[in-house]
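In what follows, chains are A, B, ... by sequence order, proteins preceding strands, each numbered from 1. Computed over heavy atoms, backbone and side chain alike; hydrogens, waters and symmetry mates excluded.
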Amino acid sequence: MAEQTQTANSTIGAAPAAGSHRFSAQAEAELAEIVSHYPEKKAAILPGLWIAQREYGGSLSAAAIQEVADRLERPFVEVEGVATFYTMYNLRPRGKHHLEVCTCLTCACVGAYDVVHKIEHKLGIKPGETTKDGAFTLSEAECLNFCGAGTVMQVGDKYFGNLTAENIEAVVDQLRASEEHTPMKLADAIVKLHLSAGG
Amino acid sequence: MGELKLLLKHVDEPGIENLDTYEKLGGYAGLKKAVGMERQAIIDEVKASGLRGRGGAGFPTWIKWNGIPKDTSKPHYIINNADEGEPGTFKDRELLLKLPHMVIEGMIIAGVALQAEVGYVYIRGEFVESAQATRKAIDQAYKKGYLGKNICGKQGLNFELYIHMGAGSYECGEESALMSSLMGERGQPRLKFPHAPLPVIEGVWKCPTLINNTETYAAVPHILANGGAWYGAMGTERSKGTKLFSVSGHVARPANYEVEMGTPLLQLVELAGGVTGGALKAIIPGGSSVQIVPADQVAGVNLDYESCSAAGTLLGSGGCMVFNENTDIVILMKRTAEFYAHESCGKCTPCREGTRWIYKIMERIVSGGGQKGDVELLLNICANIDGRSYCALGDAAAWPIVASIKHYRHEYDYWIEHKKSPVGPNCIPPVPEVMNPLLTLTPV
């Protein structure tokens with residue numbers, strides 16, 4: 001939903017010159033292991049973008065996409081096409097905590113809009129916006145598939161369930177003080193899911 | 001008929017997500033049996049069980065298994081579709097979180113039966129917690145020798161299992177789109193049979209590929225351990241075994257419930273504690289893609305593929321959403337239309353354009369701008385989407401709208417004539433403000 005405002009042209013810009021790579025040695029090793037899981041390097045584009053999202057501070061710049069393209073020996077436009085298709089790749093920076101409130105069918109019927117309105121009022125932002133201090137971005141989300149605990153909100157690598165207009169403020173306050181569940185922590189968690197315990 | 005816990009029997013057992021506890025409670029017995037069997041005998045057990053795909057389509061599982069070529073001139077692949085995205089459904093999330101070994105065991109058995117040495121669990125990117133439990137279980141299974149080289153001590157029997165995370169796309173739950181995504185592409189569907197080979201002949205990397213839903217794999221260990229005939233004795237004539245239903249919405253105890261196939265829909269609602277906040281208005285029994293059933297018609301509906309079809313709806317993925325009398329069907333359908341407009345992958349023109357037009361008209365109606373003829377326009381657009389796209393997302397966008405008009409035409413007419421909800425000012429969901437300007441048709 002909020003991600004719909006992202007378009008390739010408005011945020012990514014033209015392909016940068018190759019050569020200014022930023023992946024750490026650990027990231028290089030992770031990518032190498034992941035590439036070994038598939039018969040083709042191309043299949044590592046999605047996990048490669050997750051690595052890049054972590055290495056580049058939580059969002060994908062043109063340089064980040066170029067680095068994935070270079071390392072997997074694919075054209076920039078192909079990797080850019082993938083990066084722009086999926087909603088979880090951030091094409092511009094998010095706040096330290098990205099509040100994604102599900103407003104899909106069940107949640108909409110058990111008070112999700114009250115939760116969204118409470119957050120709007122508390123933080124002074126609308127869905128799709130980030131607070132001036134960069135602490136929070138607010139989005140409406142499509143079904144997060146935890147409908148038994150509606151209203152549900154995803155924040156980075158964590159789901160919060162059974163949210164109401166009454167308890168949401170305490171959750172937001174807790175997050176403000178927390179270093180967990182940030183966009184970079186989410187990207188890191190997803191990268192690690194691809195790797196075996198030994199690797 | 002009624003609640004019957006097979007997959008969920010030990011779901012509340014502390015530590016069931018770990019290999020030791022799972023094995024102590026009978027886990028991996030199915031795999032141990034399978035490694036000593038002829039390959040065709042494993043497929044025959046699945047055939048005898050009558051198991052049908054639990055992702056939504058209900059296709060007989062054994063036909064897919066039997067369709068994988070017996071020769072191994074090309075590698076074979078096993079894929080678990082854990083891209084659970086159907087609104088109202090949350091069963092695969094719980095299976096992966098609490099019973100990951102059951103799912104993994106089912107995949108390994110498929111690998112043994114179909115001579116596949118590599119499998120992928122494709123998990124939606126949002127399900128980090130479930131994927132972490134699955135990761136841990138895979139690592140435990142490697143350590144125990146159930147994954148890797150020479151599994152269960154059998155020389156030459158190998159199976160590697162990898163996790164591949166999605167990145168936010170409902171469309172990737174469609175099997176050909178999921179395969180595109182696994183191969184590093186945008187999650188868009190491919191041409192289908194008979195215009196292209198089936199995935200069991202040419203799936204990922206043009207190799208034979210088995211792709212089943214998470215819940216389908218979770219049923220397999222039980223079938224192998226106890227026999228296909230034992231599983232097939234449960235359920236109805238054509239819908240065998242048990243099925244997980246995710247009950248949500250206006251019920252007292254929303255959760256996953258496992259019932260024998262053929263259980264009355266209303267009995268499921270009672271299991272979930274009954275309707276809250278007023279009398280029952282309607283039920284969507286199988287996820288947002290299926291047709292809504294009004295309260296006065298739910299009495300005859302049983303939870304099997306045939307009964308749901310006969311009632312003009314579908315069993316789908318088992319995402320059962322219950323709505324009380326305060327629900328405004330038009331606003332509910334406007335939100336549904338928004339979902340499909342957002343999730344259409346953009347490949348096929350009727351779906352890409354049509355879903356946005358449906359949304360635009362629905363939004364116009366619930367903003368008080370409905371015009372005479374809008375309902376006919378909606379039906380016309382739906383008829384021009386249905387069956388005209390590569391995958392079923394377009395159909396799924398059209399069917400709920402058509403069904404809601406069939407059953408609740410008077411609510412549409414009321415909205416268009418009176419510019420307000422027929423349910424009243426406190427309707428559910430609330431009358432939308434312009435909260436989400438992102439789907440309006442202005443360029444961003």
Parallel, tilted or perpendicular: ring planes of B/Tyr122 versus B/His164, cut at 30 and 60 degrees: parallel

Residues of residues 158-178 of chain A contacting chain B, heavy-atom criterion under 4.5 Å, by residue number: A/Lys158, A/Tyr159

Residue selection (most heavy-atom pairs with chain B, distance under 4.5 Å) from A/Glu40, A/His37, A/Lys192: A/His37

Engaged part of B/Ile138 at the chain A interface, taking heavy atoms whose separation is under 4.5 Å: neither

Expected output: side-chain B/Asn326 to main-chain B/Gly277 donor-acceptor under 3.5 Å: yes

Residues which pass side chain to side chain donor-acceptor pair (under 3.5 Å) with A/Thr182, listed by chain and number, not counting sequence neighbours: none

Partner chain B: residue of A/Ala108, A/Ala189, A/Pro39, A/Gly156 with the largest heavy-atom pair count (under 4.5 Å): A/Pro39

A/Lys185 and A/Asp157 ion-paired at < 4.0 Å: no

Between A/Val79, A/Leu186, A/Leu144, the one whose heavy-atom pairs under 4.5 Å with chain B are most numerous: A/Leu144

Steps toward side-chain contact (heavy atoms from CB on, under 4.5 Å) verdict (A/Phe85, B/Ser181): CA-CA 10 Å; A/Phe85 182 82; B/Ser181 184; over 6 Å; no

Polar side-chain atom of B/Arg124 near backbone of B/Gly166 as donor-acceptor pair, under 3.5 Å: no

Region of A/Leu72 in contact with chain B, defined by heavy-atom distances below 4.5 Å: neither

